[in-house]
Amino acid sequence: MTGAYFVSDIHIVSPDCPRARGFCEFLRSLTGKDASHLVLLGDIFDLWVADHGYFIDRFSEIIDEIRRLLGEGVEILYFEGNHDLHLRYFWADRLGATVYGEATYVEIGDRTVRLEHGDQMDPDDRGYLFLRWFLRTGPVSFLVRNLPGRLIARIGERASESSRHYTSNTKTIDDTEAVRKIRVHAGKAYAERPFDLIISGHVHVRDDWCSPDESFRSVNLGSWLDRPCCFRLDAESAGFRELDRNEEPVTRDTQKVSAAGS
Ligand SMILES: [Mn+2]
């Protein structure tokens, strides 16, 4: 492997928004020579549903870069978030990325990595977990693929406006609590099936933590709403990279991922 790059929760709202520009710039900086994997861990777009021409045309610049990377042999893994759904019709079937709807274990280099968006991390969030299931049932999938893309976009905008309104008024979970949930979830997942590294997104709180017995490392990617960054993993090191234009890249190749075999 050369390098595996992980990003999530960019929440791109339009092709010209600063986060879309930053993401294009980031994609342009990658080539098949230095990147073996690009892992998109959900909520890359503030809204992307199925294979509507509306989204494909709107974000064609990003799609072109993705196509180039695939052509250069970069493996692209896209995990659905709660803002980007039913991705396989376009991202897998037409582009050639691998799309996942659930947590998955992947071997990258000599590490076993558990990957997931993170929206199933909180078992207390029953209302959301029901909605998540509902949005993926057959009839709803059929409907969202067959309604006009522009209408889907309008419904999505309404929904995210009201959810922003809702979360800003009733912030039920603070950063400390979010970090606790990330780590508890990592421990539970490890007990079910071990890994060297777990990477998630969704909660928008950047976290990089080694379990007390150093058996695994848990990373949450934070959000580009706070600061654009990616996590990079290669054979020697693993750490966050800042992607702000004015900042020097900071690589925290800190604690080595404690691989079972090393
Ligand atoms: Mn999310």
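Values below: every heavy atom of this structure, side chains too, minus hydrogens, waters and symmetry copies. Counting convention: from 1, in listed order, for ligands and their atoms alike.
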Strictly under 2.8 Å, is the Mn ion (ligand 1) approached by any N, O or S atom of [X]?
| X | answer |
| --- | --- |
| Asp119 | no |
| Asn82 | yes |
| His83 | no |

Are [X] and [Y] an aromatic pair by the rule of ring centers under 6.0 Å?
| X | Y | answer |
| --- | --- | --- |
| His11 | His204 | yes |
| Tyr5 | Phe231 | no |
| Phe59 | Phe45 | yes |

Next on the checklist: Suppose we only allow N, O or S atoms; which atom of His202 ends up nearest to the Mn ion (ligand 1)?
Outcome noted: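 Nearest to the Mn ion (ligand 1) within His202's N, O and S set: ND1.
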
Item to check | Atom of Asp43 nearest the Mn ion (ligand 1) (restricted to N/O/S, atom name only) | outcome: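 The atom in question is OD2.
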
Next on the checklist: Do Tyr78 and Asp84 pair up side chain to side chain, a donor and an acceptor below 3.5 Å, judged on atom types alone?
Outcome noted: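 Yes, side-chain donor-acceptor contact under 3.5 Å.
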
Next on the checklist: Side chains of Ser215 and Asp213 only: does a donor on one sit below 3.5 Å from an acceptor on the other?
Outcome noted: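 A pair is found: one side chain offers a donor N or O, the other an acceptor, under 3.5 Å apart.
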
